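So the structure is just underneath, and the comments pick up after that.
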Amino acid sequence: GYDAQAGTIKMSDIISDEGNAEILRRLKNNDQSFTSMWLCNEEDEWDDNVYFPESAHDMGWLGYFLGNNTHLTNLSFTLQNYNGIIEPLCRGLKNNNSIQSLSFFNLDLSECDIFRFMVP
């Protein structure tokens, strides 16, 4: 599982994009200044707090690091193609206690029961 690998995993083994790797590092290190992030499709606007999913593999790690983070308070989604990648994210995300605002923009949630995956 993730717990056994978390201390030694290299970000390059999880994700190829350096911006995404930096977000994972900040979440893993529980960076106190990292309090807000977006999950977006690649064609969406880029800034330092935007994560572009590559696969279910990196989304599982993102969920794991989010689940253990205590400083992120705002998480926003604007994903158009999320089938197959949202469940691994939500499995870890459900362990988070710091997120106060969870926002969804331009998403059709009828294809996936995202909230079922987030039940403890």
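Predicted model, so just to flag it, every value in this text is computed and none were measured. If you read the sequence from its start, that first residue is 1, and numbering goes on from there.
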According to side chain to side chain contact (heavy atoms under 4.5 Å, CB included), who are the partners of [X], at least two apart in sequence or on a separate chain?
X: S12; value: K10
X: S55; value: H57, D58
X: T73; value: T35, Q100

Kindly give the heavy-atom pair with the smallest separation between I85 and A56, and that separation in Å. CG2-N, 3.6 Å

What is the minimum heavy-atom distance between P53 and C40, and which atoms define it? CD-O, 3.3 Å

Rounded to the nearest 0.5 Å, how far does [atom2] of [Y] lie from [atom1] of [X]?
X: T78; Y: F104; atom1: OG1; atom2: CZ; value: 11.5 Å
X: S101; Y: N74; atom1: OG; atom2: CG; value: 4.5 Å
X: R25; Y: N20; atom1: CZ; atom2: CG; value: 10.5 Å
X: E87; Y: M59; atom1: CD; atom2: CE; value: 11.5 Å
X: K28; Y: I9; atom1: NZ; atom2: CD1; value: 8.0 Å
X: I23; Y: E18; atom1: CD1; atom2: CD; value: 10.5 Å

I want to check something: taking the side chain as every heavy atom from C-beta on, are Y51 and L66 in contact at a cut-off of under 4.5 Å? no

Considering only heavy atoms from C-beta outward, does the side chain of N96 approach that of L75 to under 4.5 Å? no

Applied to residues 31-41, the salt bridge (Lys or Arg N to Asp or Glu O under 4.0 Å) test, sequence neighbours excluded, yields R26-D31

Listed by chain and number, what are the side-chain hydrogen bond (donor to acceptor under 3.5 Å, both in side chains) partners of [X], not counting sequence neighbours?
X: S76; result: none
X: E54; result: S16
X: D13; result: none
X: N69; result: N30

Do N97 and T70 pass the side chain to side chain contact (heavy atoms under 4.5 Å, CB included) test, and can you show the C-alpha distance, the side-chain angles, and the key distance before you say yes or no? CA-CA 7 Å; N97 292 317; T70 60; over 6 Å; no

Taking ring pair (Phe, Tyr, Trp, His ring centres under 6.0 Å) as the test, write out the residues that go with Y64, two or more places apart. Y2, W61

